[in-house]
Amino acid sequence: MKALLISQDSLLFAELASQGAARVPPLNVANSRVSMREALDRPLGEAPGLVLVDATEGAPDDADLLERLARQYPEAQFMLLTSQHQPEFLIRAMRAGVREVLQLPLVHRAFHEAMDRIASAAGVAQLREGKVLAFIACKGGSGATFISTNFGYALATLAEKKVLLIDLHGQFGDAALYVSDQKPAMTLSDVCEQIARIDGPFLDSCLVHVTRGFGVLAAADDPSQAKAAKPEHIDAILRVARQHYDYIVLDVGRQIDAVSLRALDSTDTIYPVLQLALPDIRDARRLLDIFRSLGYPLETIRLIVNRYEKGGRLRLPDLHAALGCEVVHTVPNDYVAVTDSVNQGVPVLELSRASAAARSLADLVELVTARRAPETRGLLDRLFGRGEADY
Ligand SMILES: Nc1ncnc2c1ncn2[C@@H]1O[C@H](COP(=O)(O)OP(=O)(O)OP(=O)(O)O)[C@@H](O)[C@H]1O
Ligand SMILES: [Mg+2]
């Protein structure tokens, strides 16, 4: 955060600059003005995040000047530094939006506590309310990893969302390899082992960054390490992730264990992935029975049929009848484009943008972000394009 200091006291400037530089993240006291009048006359090109006003001198028009300054930098937080109590001035300062008043000479602890309050207020204002979407394979090889990773990439690039994919495979997690050639430096189990450090920047530092808006938290590559993950860790990671990402995509794999269950408990929408074949349908029914017994509402479960080919013996209405659950999307069988993408570790949207698989993923992005109005939405919602639906 950049700060502007208004003070005649060069020693105070040096003191605040060094205290600010020592903070994590640093407070950069980048500019100074000797008086509020000078600050008004010489506004900064880039508005500061924080304005520190030394009001020790106490001129009669201070309150007016402060009000004008607050209007000049409406987004900035204001901190007042003063060695005397001037109740009337303080009341007007508070009305002008001053959040913190500190005594001079500066008590460093009080300064850092005030900065913590300002930083957390600024952080709260920027918090996101991310949605958790889980992709779960009804049968081994259904395509859950291909779809979840490539969908995450498509969501970040086409809809410009901030997306985190978490690979929850307890064994043989390979999600990062589907979209990147980078070797993960950190994995889910490393994050769990250091769970006390969890916050937005720490989580971000553990990701394989596929693009600026899309990161993957890889699964442990050693099954013995995977044991480090406990259900309560997943709660903490998802809580932080929701605050820092628009969408959290989970590649759940096939296993239902304590960790994946806890993740599914706080999932907004579950997408079981299956192919149109009897063994897949049998396994899908078992999975849906488990979800029902866990009390997951049916409307949060949306089937995706992968490798779909029109004209097959089994049709989508048969599937609906057999499972009692809606198929929201189909991904076509696109052997060449998908195999090339998976083998090269490059998202299909980047490698073969015009392919049927890439177009289908773009459609899924539209559906999830409700940029395409699905038939089931009410007329008013469609007319006014209300909100983002959980499709
Ligand atoms: N739409 C598609 N068209 C053609 N091939 C596909 C398609 N989707 C997936 N595949 C192929 O199927 C293989 C298995 O896909 P994927 O690894 O995503 O399945 P999975 O459900 O994650 O399996 P696992 O149970 O191993 O986790 C991939 O190697 C990919 O080449
Ligand atoms: Mg998989």
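Just so you know, ligand 1 is whichever comes first in the structure, and atom 1 is the first atom listed for that ligand.
No salt bridge links D268 with K131; every basic N to acidic carboxylate O contact stays at or beyond 4.0 Å. Between D116 and R23 there is a salt bridge, since a side-chain N of the basic residue sits under 4.0 Å from a carboxylate O of the acidic one.
At a threshold of 4.5 Å between non-hydrogen side-chain atoms, the residues R307 and V338 do not count as touching.
Between F214 and Y153, the ring planes lie perpendicular to each other; the angle is over 60°, past the 30° to 60° tilted range.
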Enumerate the pairs of nitrogen or oxygen atoms, one from ligand 1 and one from the protein, separated by less than 3.5 angstrom; state names and distance to 0.1 Å.
from	atom 1	to	atom 2	distance (Å)
ligand 1	1 (N)	N306	OD1	2.9
ligand 1	1 (N)	P332	O	3.0
ligand 1	3 (N)	N333	OD1	3.4
ligand 1	3 (N)	D334	N	3.0
ligand 1	5 (N)	R307	NE	3.4
ligand 1	5 (N)	R307	NH2	3.4
ligand 1	8 (N)	N306	ND2	2.9
ligand 1	17 (O)	Y178	OH	2.4
ligand 1	18 (O)	T145	N	3.3
ligand 1	18 (O)	F146	N	2.7
ligand 1	19 (O)	G143	N	3.1
ligand 1	21 (O)	S142	N	3.2
ligand 1	21 (O)	G143	N	2.9
ligand 1	21 (O)	A144	N	2.9
ligand 1	22 (O)	T145	N	3.0
ligand 1	22 (O)	T145	OG1	2.7
ligand 1	23 (O)	G141	N	3.0
ligand 1	25 (O)	G141	N	3.2
ligand 1	27 (O)	H169	NE2	3.1

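Within a 6.0 Å sphere centred on CZ of R68, other residues, nucleotides and ligands contribute 12 heavy atoms or fewer. Within 6.0 Å of atom NZ in K2, 12 or fewer heavy atoms from other residues, nucleotides or ligands are found, so the atom counts as exposed in its surroundings.
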